[in-house]
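The structure under discussion appears below in the form of structure tokens.
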Amino acid sequence: MRPRLLIAFAIFLGSYLPLSTILLVQDFDKKKAMGEVCLNVFLNDNCHFPLQKPWLSIGFLVLCLICFLFSWIALKLTKEGGTDIHIKTVKHTPSDLMNYVLPYIVSFMSIDYMQDAKFIGFLIFLLWLFWLSYKSGQIILNPMLVVLNWRMYEITYYYPGNEGDEFTGVVLSNKTLEPNSTSKTQNIQSVIVINKEG
């Protein structure tokens, strides 16, 4: 199954929930915090959020949270159906964190919502990372899923009844994989997904 572009982008954005939190904290305005702070800014002109650009910072956080929940639900739904494979060898491989870490490094280089040109450049950078992840078939390899006990493995496997035809693949699984075991799988792009509830 190849995720459509919008779904793939939602999965990608979900991995940046911590980044949206960092940018929200960096958007904090001490001067506004010393005045009257309230949550309902529509009813009172004298009160405000203690943020420089509340719609952007809170909006990006909420969007990333929704996308992260969507990613988690999408993986939970992989338990339905699937194909049996017999796993011959298993090697745990930590996910490629470099593409994931780069935007965090950039966020600490004075990027904030008040610098429009730099923020637009940062968004273009995120879009470029998304496109590279999508085209390489690695969009589902979301390092944030480690929080939900999903891990990456490299396996050698074959389909039951075809022991002579061995394959290798990258697996995203929320259960510990063991050699010489059988599991139900689903494919998302070039990644095999094994859900312990499947």
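Numbering of residues begins at 1 and proceeds along the displayed sequence.
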Calculate, to the nearest 0.5 Å, the distance between atoms [atom1] and [atom2] belonging to [X] and [Y] respectively.
X: Leu129; Y: Ser15; atom1: CG; atom2: OG; answer: 9.5 Å
X: Thr182; Y: Asp84; atom1: OG1; atom2: CG; answer: 7.0 Å
X: Thr176; Y: Asn149; atom1: OG1; atom2: CG; answer: 9.0 Å
X: Ser57; Y: Leu61; atom1: OG; atom2: CG; answer: 8.5 Å
X: Leu172; Y: Tyr153; atom1: CG; atom2: OH; answer: 10.0 Å
X: Leu19; Y: Leu126; atom1: CG; atom2: CG; answer: 6.5 Å

Do you reckon [X] sits in the same ILVMFWY cluster as [Y], going by side-chain contacts under 4.5 Å, direct or chained?
X: Phe28; Y: Val62; answer: no
X: Tyr158; Y: Ile87; answer: no
X: Leu65; Y: Ile73; answer: yes

What pair of heavy atoms forms the shortest contact from [X] to [Y], and how long is it?
X: Ile11; Y: Ser71; value: CA-OG, 3.3 Å
X: Asp27; Y: Lys53; value: OD2-N, 3.0 Å
X: Tyr157; Y: Thr168; value: CE2-C, 3.9 Å
X: Leu13; Y: Cys64; value: O-SG, 3.6 Å

Does the side chain of [Y] come within less than 4.5 Å of [X]'s, by heavy atoms?
X: Val170; Y: Met152; answer: yes
X: Ile85; Y: Ile155; answer: yes
X: Arg151; Y: Asn174; answer: no
X: Leu132; Y: Trp128; answer: yes
X: Cys67; Y: Leu63; answer: yes
X: Asp165; Y: Tyr159; answer: no
X: Pro179; Y: Val90; answer: yes
X: Trp150; Y: Asn195; answer: yes

Which class fits the ring pair Phe9 and Phe12: parallel under 30°, tilted 30 to 60°, perpendicular over 60°?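 Phe9 and Phe12: parallel rings.
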Taking Thr156 for its side chain and Lys88 for its backbone only, find out whether a donor-acceptor pair lies under 3.5 Å.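 Between the backbone of Lys88 and the side chain of Thr156 there is no qualifying donor-acceptor contact (under 3.5 Å).
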For Phe60 and Leu24, run side chain to side chain contact (heavy atoms under 4.5 Å, CB included): C-alpha distance rounded to whole Å, both residues' side-chain angles, the deciding distance at 0.1 Å, then the answer. CA-CA 8 Å; Phe60 188 49; Leu24 176 78; over 6 Å; no
